[in-house]
Amino acid sequence: MVALLVNDREIEAKNGTNVLQACLDNDIYIPHLCYLESLDLPSASCRMCFVEIAGEDKPATSCTTLVRDHMVIKTDTPAVRRLQRTALRLLLSVHRVDCKNCYAHKRCELQNIAKFLKVGLKSKPLNRYLKDTDIDEDHPFLNYYPNRCVLCGKCLHVCRNQHGQSVLTFANRGFNTVMSLYAAAEAPSPSCEDCARCVDICPVGALALKVNQEASIHHPTEK
Amino acid sequence: MPVCRFFRYPIDFDSLLEAGAMMGSGGMVVMDEDTCMVDVARYFIDFTQKESCGKCTFCRIGTYHLLKILDRLTQGEGEEKDLELLESLSEDIKKGSLCGLGKTAPNPVLTSFKYFRDEYEAHVKEKRCPALMCRPIIAYYFDLELCARGCDACATCCPVDAVFTTRNRKKGVDQKLCVKCGECLVACPPEYDAVRKISPPGLVPVVERASEKEE
Ligand code: SF4
Ligand code: SF4
Ligand code: SF4
Ligand code: SF4
Ligand code: SF4
Ligand code: FES
């Protein structure tokens with residue numbers, strides 16, 4: 001066990017734990033979107049989980065930082081908040097915010113983080129740039145919403161963990177990156193219909209089972 | 001980097017990095033007062049933005065915003081808030097990105113912003129490109145003092161027939177037709193050297209055409 005000081009409070013953690021996990025285990029919240037405990041190497045792609053570590057000149061992502069004895073950490077400095085707010089605004093600047101028509105409304109991690117960071121869901125002062133397609137309906141059981149996806153990659157990892165290989169994959173590159181679902185014919189084996197792990201892990205409303213959709217949710221209104 | 005301040009810098013990777021530049025495989029580009037720093041920054045960001053792998057938030061989305069803002073500036077559509085945004089976003093992308101590409105991508109913006117802020121401001125506040133490079137906010141015209149009576153070099157090369165003849169057989173540019181290609185500037189014989197650029201385009205002198213009959 002090591003002891004570290006987080007926001008002036010002493011907490012203990014097992015050696016080899018990362019700072020994000022250690023804080024979450026002790027009810028110290030750090031905004032995060034891409035971290036998965038089951039993943040050996042964190043993808044560290046959302047760039048949300050910043051903290052300030054005494055002795056380091058700029059904020060570091062807590063999911064990639066292992067705990068050390070006597071570490072001194074602050075989770076709420078102005079530098080940390082600035083990066084987190086910018087990351088959130090960037091994500092919102094490519095997001096179709098239409099919560100009323102989204103099944104993730106009120107259990108959406110983006111909403112939670114926005115509330116926590118006191119950032120409005122408008123992406124101000126950034127312009128908004130949306131993708132042309134709002135819904136990708138090609139998959140027989142799943143719908144995908146590119147303008148809601150934050151590209152955390154969690155869906156891909158849970159699918160791979162469960163089935164050895166993933167139905168979901170990153171497609172395109174750079175600004176045009178999206179998730180893509182193999183069509184049923186090419187899909188190796190898993191039956192998404194009885195699985196839906198990706199839907200459950202998605203921190204926003206970017207994946208949905210078609211059956212649930214038809215039963216209860218209407219599609220986002222085109223604007 | 002402005003030469004006056006840095007001309008003693010040894011050119012190797014580390015010292016350039018220190019000075020805020022980034023050396024790629026392309027070597028060094030020497031620029032003079034005919035080079036628009038805003039346009040150069042746009043060029044570099046256009047390059048890195050396309051190189052972004054798309055994995056992390058800051059580089060994937062942030063560099064796209066930088067490019068869009070620089071596009072606006074070079075087109076004379078920038079607003080004052082764009083300058084603030086450009087600077088703060090660049091700083092955040094540098095600190096927030098996952099790998100070296102994103103961490104260095106904003107350097108051309110930050111460096112040019114630091115040393116050539118006046119050029120950025122001219123683009124926003126006066127819609128003026130001091131280096132006369134940003135096409136949407138410049139105009140071409142012929143200096144009538146220098147333009148040679150009866151010479152047709154510019155008119156022959158203009159791809160859109162924007163060059164007209166004045167009453168005393170000199171030349172003028174129809175601003176509505178001109179696509180600012182610069183062909184006439186190249187074609188005008190050096191002994192006359194009559195083609196001028198000006199920014200903002202509103203400052204271009206009014207030149208009268210010869211009336212149909214006279215022509
Ligand atoms: S994913 Fe849905 S609930 Fe979350 S912010 Fe977007 S529209 Fe709102
Ligand atoms: S439903 Fe299951 S098998 Fe299908 S994509 Fe999602 S996680 Fe993978
Ligand atoms: S679909 Fe959901 S879980 Fe998958 S990358 Fe997008 S936001 Fe993450
Ligand atoms: S900073 Fe690196 S990892 Fe992040 S998007 Fe750019 S190239 Fe990819
Ligand atoms: S700049 Fe090009 S289009 Fe304009 S007058 Fe000269 S040659 Fe013609
Ligand atoms: S949770 Fe650490 S970068 Fe996403």
Side-chain angles (χ1 to χ4, degrees), chain A residues 31-34 41-50 52 56-61 63-64 77-95 110 113 123-131 146 149-153 156 170-179, chain B residues 17-18 20 42 44-75 77-107 109-110 124:
Chain A
H32 60 280
L33 282 168
C34 70
L41 273 180
S43 75
S45 60
C46 76
R47 318 307 291 166
M48 197 61 91
C49 65
F50 284 104
E52 231 171 279
E56 290 185 15
D57 59 342
K58 58 179 179 22
T61 43
C63 68
T64 56
T77 67
V80 165
R81 289 292 183 251
R82 174 170 162 178
L83 285 180
Q84 289 170 331
R85 290 196 175 108
T86 301
L88 177 64
R89 287 193 180 108
L90 286 172
L91 290 173
L92 288 170
S93 75
V94 294
H95 195 96
L110 216 49
I113 293 175
S123 66
K124 271 185 188 161
L126 298 170
N127 285 355
R128 188 162 278 160
Y129 299 106
L130 296 176
K131 303 203 159 57
C149 176
V150 294
L151 293 170
C152 66
L156 187 163
F170 287 106
N172 304 340
R173 60 191 297 279
F175 186 72
N176 298 318
T177 309
V178 284
M179 297 312 287
Chain B
L17 205 63
E18 204 176 289
R42 200 204 68 85
F44 276 109
I45 293 297
D46 185 39
F47 178 80
T48 39
Q49 192 269 329
K50 288 192 185 115
E51 288 300 305
S52 166
C53 81
K55 181 173 177 184
C56 74
T57 306
F58 282 92
C59 173
R60 179 180 71 244
I61 312 173
T63 55
Y64 188 79
H65 280 285
L66 291 186
L67 180 62
K68 288 291 172 184
I69 295 171
L70 291 166
D71 275 346
R72 290 206 288 277
L73 296 190
T74 53
Q75 286 161 15
E77 284 156 18
E79 298 167 42
E80 211 119 330
K81 69 163 193 182
D82 285 333
L83 294 186
E84 269 167 61
L85 199 57
L86 203 58
E87 192 173 25
S88 69
L89 202 53
S90 295
E91 289 163 355
D92 292 347
I93 295 169
K94 225 169 127 86
K95 290 201 186 104
S97 289
L98 177 60
C99 88
L101 190 123
K103 284 186 213 286
T104 52
N107 281 352
V109 176
L110 287 169
V124 171

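All chains are named by letter (A, B, ...) in the order of the sequence lines, taking the proteins before the strands, and each is independently numbered beginning at 1. Because only heavy atoms are used, hydrogens play no part in the values below, and waters and symmetry mates are left out as well, while side chains stay in.
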K.L.:
Which bit of Thr61(A) comes within less than 4.5 Å of chain B, counting heavy atoms only: side chain, backbone, both or neither?
P.N.:
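Contact with chain B is absent: no heavy atom of Thr61(A) under 4.5 Å.
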K.L.:
Where does Leu85(B) contact chain A at under 4.5 Å (heavy atoms): side chain, backbone, both or neither?
P.N.:
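Contact with chain A: side chain only.
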K.L.:
Above 12 or not: heavy atoms from other molecules or residues under 6.0 Å from NZ of Lys124(A)?
P.N.:
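No - once you tally the heavy atoms of other residues, nucleotides and ligands closer than 6.0 Å, there are 12 at most.
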K.L.:
Quick one: what part of Lys55(B) sits under 4.5 Å from any heavy atom of chain A, side chain, backbone, both or neither?
P.N.:
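Backbone plus side chain of Lys55(B), per the 4.5 Å heavy-atom cut-off to chain A.
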K.L.:
Answer yes or no: are there more than 12 heavy-atom neighbours, outside Glu80(B) itself, under 6.0 Å from its atom CD?
P.N.:
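It does not: Glu80(B) CD has 12 such atoms or fewer within range.
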K.L.:
Verify, without hydrogens or angle tests, whether Arg47(A) (side chain) and Gly96(B) (backbone) share a donor-acceptor contact under 3.5 angstrom.
P.N.:
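Present.
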K.L.:
Indicate the atoms forming the closest heavy-atom contact of His65(B) with Leu90(A), along with that distance.
P.N.:
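Answer, listing the atom of His65(B) first, then Leu90(A): CD2-CD2, 3.7 Å.
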K.L.:
Where do Phe58(B) and Leu83(A) land on the side chain to side chain contact (heavy atoms under 4.5 Å, CB included) test, with the steps shown first?
P.N.:
CA-CA 9 Å; Phe58(B) 282 92; Leu83(A) 285 180; 4.2 Å; yes
K.L.:
Should Tyr129(A) and Lys68(B) be marked as a side chain to side chain contact (heavy atoms under 4.5 Å, CB included) after you check the CA-CA gap, both sets of side-chain angles, and the distance that decides it?
P.N.:
CA-CA 10 Å; Tyr129(A) 299 106; Lys68(B) 288 291 172 184; 3.2 Å; yes
K.L.:
Would you say Thr57(B)'s side chain and Cys46(A)'s backbone share a donor-acceptor pair under 3.5 angstrom?
P.N.:
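A pair under 3.5 Å: yes.
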K.L.:
Give, as side chain, backbone, both or neither, the part of Phe170(A) having an atom under 4.5 angstrom from any heavy atom of chain B.
P.N.:
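For Phe170(A), no heavy atom lies under 4.5 Å from chain B.
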K.L.:
Is it the backbone or the side chain of Asn127(A) that comes under 4.5 Å from a heavy atom of chain B, or both, or neither?
P.N.:
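Contact with chain B involves both backbone and side-chain atoms of Asn127(A).
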K.L.:
Given that the side chain runs from C-beta out, which part of Ser88(B) has a heavy atom under 4.5 Å from chain A: side chain, backbone, both or neither?
P.N.:
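For Ser88(B), backbone and side chain are both near chain A.
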K.L.:
If you count heavy-atom pairs under 4.5 Å with chain B, which of Arg82(A), Met48(A), Arg89(A) comes out on top?
P.N.:
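So the answer, after comparing Arg82(A), Met48(A), Arg89(A), is Arg82(A).
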K.L.:
Is it the side chain or the backbone of Thr177(A) that comes within 4.5 Å of chain B heavy atoms, both, or neither?
P.N.:
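For Thr177(A), the side chain is the part near chain B, not the backbone.
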K.L.:
Checking Arg60(B) side chain against Arg173(A) main chain: does a donor-acceptor pair fall under 3.5 Å?
P.N.:
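Answer holds: no.
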K.L.:
Drop me the distance from Ile61(B)'s CD1 to His95(A)'s NE2, to the nearest 0.5 angstrom.
P.N.:
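These two atoms lie 11.0 Å from each other.
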K.L.:
Please classify the contact of Gln49(B) with chain A as side chain, backbone, both or neither, using a heavy-atom distance under 4.5 Å.
P.N.:
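For Gln49(B), the contact with chain A is made by the side chain alone.
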K.L.:
Between Leu126(A), Asn176(A), Leu91(A), who has the most heavy-atom pairs with chain B when the cutoff is under 4.5 Å?
P.N.:
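Highest number of heavy-atom pairs under 4.5 Å: Leu126(A).
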